[in-house]
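Heads up, the thing below is written out as structure tokens.
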Amino acid sequence: MTCIGRFAPSPTGELHLGNLRTALASWLSARAQGGRWLIRMEDVDGARCGRTLGEAQLRDLAALGLESDGPVLWQSRRHGAYQAALQALFQAGSLYPCVCTRKDLALMGSAPHGEDGLRPYPGTCRRRPLPFLRPDALRFRLPEGSLAWTDRVLGPQQDDPARLTGDPLLHRRDGCYAYHLAVVVDDGAQGVTEVVRGTDLRGVTATHIRLQEALGLARPDYAHLGLVTAPGGARLGKRDGALGLALLAHRGVGAAQVLGWLGWSLGCLERPEPVLAAELVPGFRWARVDLGPVAVPPGWCG
Ligand code: GLU
């Protein structure tokens, strides 16, 4: 089976080093397997996203030599596909309307899950007899039980999605489709076989797998990459939070040097030295990708 990888940024700001590392890893993995690599713009939440920001992200990726093998998919143009998926889930009895407000959810005080700070939805409306109205907040009725998958970086994983996310919201009252729905529908529609993303999304993977099952979509392989941190291991501060190509160029660090450091951090090089993306392909193996966080070189921070 041909590998189809993808990088799916949300165009809410400039791509930072963590995003660029994820993009490069997904590109390298697809290239090393002789596969295809796609870029998808996750601008489903139009209010927070912008076409201009998305185009700037595409330019940054191109500056590193990372270009989509097919047309870039913009989620803002995919509402018909998301509606069709909701319809299928509705017909299967997998959706229910939810009238909980943010305040209700806060008062319910469901404990944030330690790992990701997620608050699982406690299922209040699942047990309420509510009519379906239009537009409605709609949740996916998660089937019971935990499930297992093997992460390419983290190894064997087992999660109970009900404890991590609870029944996810797929459609908001304001008419917006949710990330969980859009990501699963689009990975399916694009035939994606390998999802590479930040470790902050590990905790929603089991929920995505359950949705794939409900929609009859194939399960891709998953790889969750560790964070990029400040030199001491602390989170990148506000000042360096958006450490992206523009700021690095301003500090005298060019694209080839960034690629060398990213490639080295992914185990492709012995030393960080300026390279082209294609030069990293022969050295790429998932087994060489360390699961821990990786700290940026001290000279790169302000
Ligand atoms: N759009 C998400 C982000 O930028 C990534 C989604 C995914 O890779 O599944 O964090």
Side-chain angles (χ1 to χ4, degrees), residues 3-30 36-51 53-58 60-61 66 68 72-78 81-82 85 115-118 140 149 151-154 157 159 161 164-165 168-170 176-212 215 217-228 235-236 241-244 289 293:
C3 167
I4 302 184
R6 55 73 159 174
F7 177 58
S10 305
T12 51
E14 201 191 343
L15 292 175
H16 55 68
L17 271 179
N19 304 133
L20 296 173
R21 186 165 179 264
T22 303
L24 180 64
S26 64
W27 183 87
L28 286 171
S29 180
R36 300 180 69 227
W37 185 74
L38 303 171
I39 300 177
R40 181 171 74 232
M41 280 295 157
E42 300 215 315
D43 61 342
V44 66
D45 187 351
R48 290 193 315 126
C49 303
R51 185 92 195 176
L53 285 170
E55 276 157 7
Q57 292 187 342
L58 293 174
D60 277 355
L61 293 168
L66 312 182
S68 185
V72 173
L73 198 73
W74 294 75
Q75 289 190 327
S76 50
R77 306 216 176 129
R78 300 267 305 146
Y82 308 145
E115 192 180 338
D116 314 84
L118 291 170
F140 172 57
W149 85 94
D151 191 282
R152 284 189 182 278
V153 179
L154 306 170
Q157 305 290 305
D159 276 332
L164 287 178
T165 64
L169 201 60
L170 299 189
C176 202
Y177 299 95
Y179 157 69
H180 297 304
L181 179 71
V183 76
V184 165
V185 168
D186 286 343
D187 282 336
Q190 295 188 287
V192 167
T193 64
E194 190 177 88
V195 169
V196 181
R197 57 190 183 187
T199 191
D200 53 326
L201 290 170
R202 194 212 73 93
V204 298
T205 303
T207 302
H208 292 178
I209 293 173
R210 285 292 187 226
L211 255 179
Q212 286 152 7
L215 289 167
L217 299 170
R219 185 193 300 191
D221 290 328
Y222 284 95
H224 289 91
L225 286 179
L227 291 179
V228 172
R235 280 190 96 87
L236 277 170
L243 197 57
V289 179

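Read the numbers this way: they start at 1 and go in the same order the structure lists the ligands and their atoms. What's counted below: heavy atoms across the whole structure, side chains too, no hydrogens, waters or symmetry copies.
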**Q.** Carboxylate-amine/guanidinium proximity below 4.0 Å for Arg152 and Glu194
**A.**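 Yes, charged N to carboxylate O under 4.0 Å.
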Q: For atom 6 (C) of ligand 1, find the nearest protein heavy atom and state the residue, atom name and distance (0.1 Å precision).
A: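 Nearest protein contact, heavy atoms only, for atom 6 (C) of ligand 1 is Glu42 OE1, 3.2 Å.
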Q. When you measure from atom 7 (C) of ligand 1 to every protein heavy atom, which one gives the shortest distance, and what is it?
A.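 Here the nearest protein heavy atom works out to Arg6 NH1, 3.3 Å.
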Have a look at ligand 1 and work out which part of [X], if any, has a heavy atom under 4.0 Å from it: side chain, backbone, both or neither.
X: Leu201; answer: side chain
X: Ser10; answer: both
X: Met41; answer: neither

(Q) Only heavy atoms of Pro9, strictly under 4.0 Å: list the atoms of ligand 1 that pass. (A)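 Answer for ligand 1: 1 (N), 4 (O).
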Q | Heavy-atom proximity to atom 2 (C) of ligand 1, best of Gly198, Ala8, Gly18 | A |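 Heavy atom nearest to atom 2 (C) of ligand 1 belongs to Ala8.
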**Q.** contact_flag Val183 ligand 1 heavy-atom lt 4.0 Å
**A.**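 Right, Val183 reaches ligand 1.
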Q.
Contact between ligand 1 and Phe7 is defined here as a heavy atom of the residue under 4.0 Å from a ligand atom; is it met?
A.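 No, Phe7 has no heavy atom closer than 4.0 Å to ligand 1.
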Q) Yes or no on side-chain contact (heavy atoms from CB on, under 4.5 Å) for Asp187 and Val184, after CA distance, side-chain angles and deciding distance? A) CA-CA 5 Å; Asp187 282 336; Val184 165; over 6 Å; no
Q | Spacing of Asp151 atom CG and Arg202 atom CZ [to the nearest 0.5 Å] | A |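 Between atom CG of Asp151 and atom CZ of Arg202 there are 8.0 Å.
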Q: Quick one: sort the Trp149 and His224 rings into parallel, tilted or perpendicular, breaks at 30° and 60°.
A: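 Rings of Trp149 and His224: perpendicular, over 60°.
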Q: Please check if the side chain of Asn19 supplies one atom and the backbone of His16 the other of a donor-acceptor pair under 3.5 Å.
A: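 Pair found, side chain donor or acceptor close to backbone of His16.
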Q: Evaluate salt bridge (charged side-chain N to carboxylate O under 4.0 Å, His left out) for Asp43 paired with Arg51, printing each intermediate quantity in order.
A: CA-CA 8 Å; Asp43 61 342; Arg51 185 92 195 176; 5.6 Å; no
Q: For the pair Phe7 and Leu38, evaluate side-chain contact (heavy atoms from CB on, under 4.5 Å) and give the outcome as yes or no after the intermediate values.
A: CA-CA 6 Å; Phe7 177 58; Leu38 303 171; over 6 Å; no
